[in-house]
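Positions are given from 1, in the same order as the sequence printed here.
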Amino acid sequence: SKPAPGKGWLQEPEEEAADFVHESQGAFDAGYLELGGSVQTDLVYGIDGLICKEVFLQVYGAFLAAAEDNGKLPPDKEIKGILYSFISDYADYTVGRRIREQLDPSYDFALRLVMDSDFSDLSYLDGYGEYVDEGIRRTAAYINSLPEEKIHRMADAFTEGFRLGFINTGKDLSKKRTVNIRYHLGFERVVRAAVENFRKMGLKATIYRRGLHAAVRNGMNLVGYSGARVNRQMDFDHREDNALFLDKAFMDRKLFVTEEVYEEMAVLAGEFAGPALLDIFGEDPFLPKECREAYHLSPSQQKLSVKLAAQTGSLVNRYIRGDERSFTIISFPVPDIGDKFEQIFDATVDLNTLDYDRYKEMQQRLIETLERGSRVEVKGRNGNRTNITVSLMKRKNPEKETVFENCLADVNIPVGEVFTSPSLPGTDGVLHVSEVYLNGLRFENLEFHFKDGFVTDYSCTNFQSEEENRKYIKDHILHHYESLPIGEFAVGTNTTAYRMAKDYQIFSRLEILIAEKTGPHFALGDTCYSRSEDIRVYNPDGREIVSRDNEHTEKRRTDPDFQYYECHTDITIPYDELDSIVSIDGEGNRYPVIEQGRYVVAGTEELNLPLD
């Protein structure tokens, strides 16, 4: 009920609301512990509710006070101040909890759901607190119908890829104690098998929910376990809600809390092996519309956002060292992909478990041809305007050194690519694709121009105005940077994946992990060896991969202000838009790798079979 003026708890709404929260939290703690609960697991969800009620009461109180005082609305500045204080004051909880959930296995709310639930009763999905649609229920029902052998085949590919990530880079897995599993709801049976596999490796699994609080959200990215998106346009509209509060003071506050919590968790951070992501593909393509009423970062906030990401990355690397951890990513389709979901799912399982020994031999032949030159020329066809020259790193001892990695089915599943970190000077030209989906967003006629490895111009045709198109690219590919370098050039060799996509007409639905294997691709941002450049890594033929740095990352050795870009976005040219890939030496001799979209290197003819 509305209290009389000057009476009741709303007389001092902010103070009374805070007292209510603190008193309620104390009672909640005591009662929960008395019932044998663990504050480190379920209590956090009680705190979430309480602090959100607190800020609601503060906003409500401001509106009520303004109405009673002059019959008007409270000033925008007052409401913004309440929200800013809420996000900043509770950063020690929201940001701190995010770090703890990743590193501390005692935060086991989601893990218990995975390990203890009866999957035959799909109501277990409702226990997560996420939105569960019919697609998720269909996914869970289908996964539950699969034979145990196939479940273990999927889980084994997932966890073995993680293990090989340590083996192939010479990192010591025995020093690690935890792994963070991230997945989409419906795959719990596979996740349960993966948890057991990791346990046999000596790793305990941590599982946390996607970021909900404004202080830990990252645009539209869902990092953690996640349900279905209720409204992707709404998610797009609210991707930069941090414009409400991002300033220098908040940046400093978040960095302070991050460092403080990592220092507290230093031992657990040192034992953290890295993330293992079970991703999905097949959702309906999404072409967003710009909403002028949505919050957008100002130019000064964009610079702060870039700086915050870079400094956070450096801070995290101090405690979870890039040269001591690894990761793995695998993906499977969901029912949204269409009527042939089950056939596509079976084809994807086969795709994720291809014989990597056979690919190892063919990819080695490609590397030998690519390395005959000092640069590689890539040209498009069928309307594709790509015409770019990639400069290769120089080798001091070709018999013992290589510039292309023979990438097999370890951290990036499925198998199928050779890649390098290009030398930036001399990497010039145009990259164009008629259509590509990146981070769930569609880009039409995406085009980049490069000079000495850096983006000099860019465009697409998603929107009517050039200004909207450039902003769309800058926000979602350049991540607010004015320019980015080419951090990776690769030749995706998994023509089986290309065939699957073509047969089922699902190119627009592919997850980037598979899409990047279906043709040559270029990544904007950091190299594939970011923060691990000093680890010596070798190809199966025993030669050391020496292209771990580029001219930008070399600055980290002498520039105390050096920062990584904290992004890496792959853009793939499909085979039907690819004309040629040719290696060229200093004297102009040409060594073809692909001509008219087909492999021409001896020993790689098998790769053409799916293309034909």
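Heavy-atom minimum distance, Leu607 versus Thr493: CD2-O, 3.4 Å.
For Asp156, the side chain to side chain donor-acceptor pair (under 3.5 Å) test picks out Asn197, with sequence neighbours left out. Every residue meeting the side-chain contact (heavy atoms from CB on, under 4.5 Å) condition with Glu324, not counting sequence neighbours, appears here in chain and number order: Lys175, Lys176, Arg321. Residues passing the side chain to side chain donor-acceptor pair (under 3.5 Å) test with Tyr591 are Asp585, sequence neighbours excluded. Take Ser483 and apply the side-chain contact (heavy atoms from CB on, under 4.5 Å) test, not counting sequence neighbours, and it matches Phe454, Val455. Arg153 meets the side-chain contact (heavy atoms from CB on, under 4.5 Å) test with Glu149, Val349, Asp350, Thr353; sequence neighbours excluded. In this view, Lys555 satisfies the salt bridge (charged side-chain N to carboxylate O under 4.0 Å, His left out) rule with no residue, not counting sequence neighbours. In this structure, the side-chain contact (heavy atoms from CB on, under 4.5 Å) partners of Asp279, at least two apart in sequence or on a different chain, are Leu277, Ser331, Glu511.
Residue pairs meeting the ring pair (Phe, Tyr, Trp, His ring centres under 6.0 Å) criterion with at least one member in residues 568-587, sequence neighbours excluded, are Tyr498-Tyr575. Note on residues 325-346: pairs passing salt bridge (Lys or Arg N to Asp or Glu O under 4.0 Å), not counting sequence neighbours, are Lys150-Asp346. Among residues at least two apart or in separate chains, ring pair (Phe, Tyr, Trp, His ring centres under 6.0 Å) pairs with a member in residues 508-530 are Phe419-Tyr529, Phe489-Phe522. Legend: salt bridge (Lys or Arg N to Asp or Glu O under 4.0 Å) pairs involving residues 178-204, not counting sequence neighbours, sorted by first then second residue: Glu148-Arg189, Glu196-Arg199. Sequence neighbours left out, the pairs with a member in residues 589-605 that pass salt bridge (Lys or Arg N to Asp or Glu O under 4.0 Å) are Glu377-Arg590, Arg598-Asp612.
Salt bridge status for Asp534 with Arg556: present, with a side-chain N to carboxylate O gap under 4.0 Å. Between Arg395 and Glu371 there is a salt bridge, since at least one side-chain N of the basic residue sits less than 4.0 Å from a carboxylate O of the acidic one. Between Lys360 and Asp357 there is a salt bridge, since a side-chain N of the basic residue sits under 4.0 Å from a carboxylate O of the acidic one. With respect to the salt-bridge test (charged N to carboxylate O, under 4.0 angstrom), the residues Arg442 and Glu435 qualify.
Between Tyr458 and Phe448, the ring planes lie tilted relative to each other; the angle falls in the 30° to 60° range.
A donor-acceptor pair shorter than 3.5 Å can be found between the side chains of Glu577 and Ser434.
When side chains are defined from C-beta on, Ile367 counts as touching Asn539, because their heavy atoms get closer than 4.5 Å. You'll find the side chain of Leu351 reaches within 4.5 Å of the side chain of Thr496, heavy atoms only.
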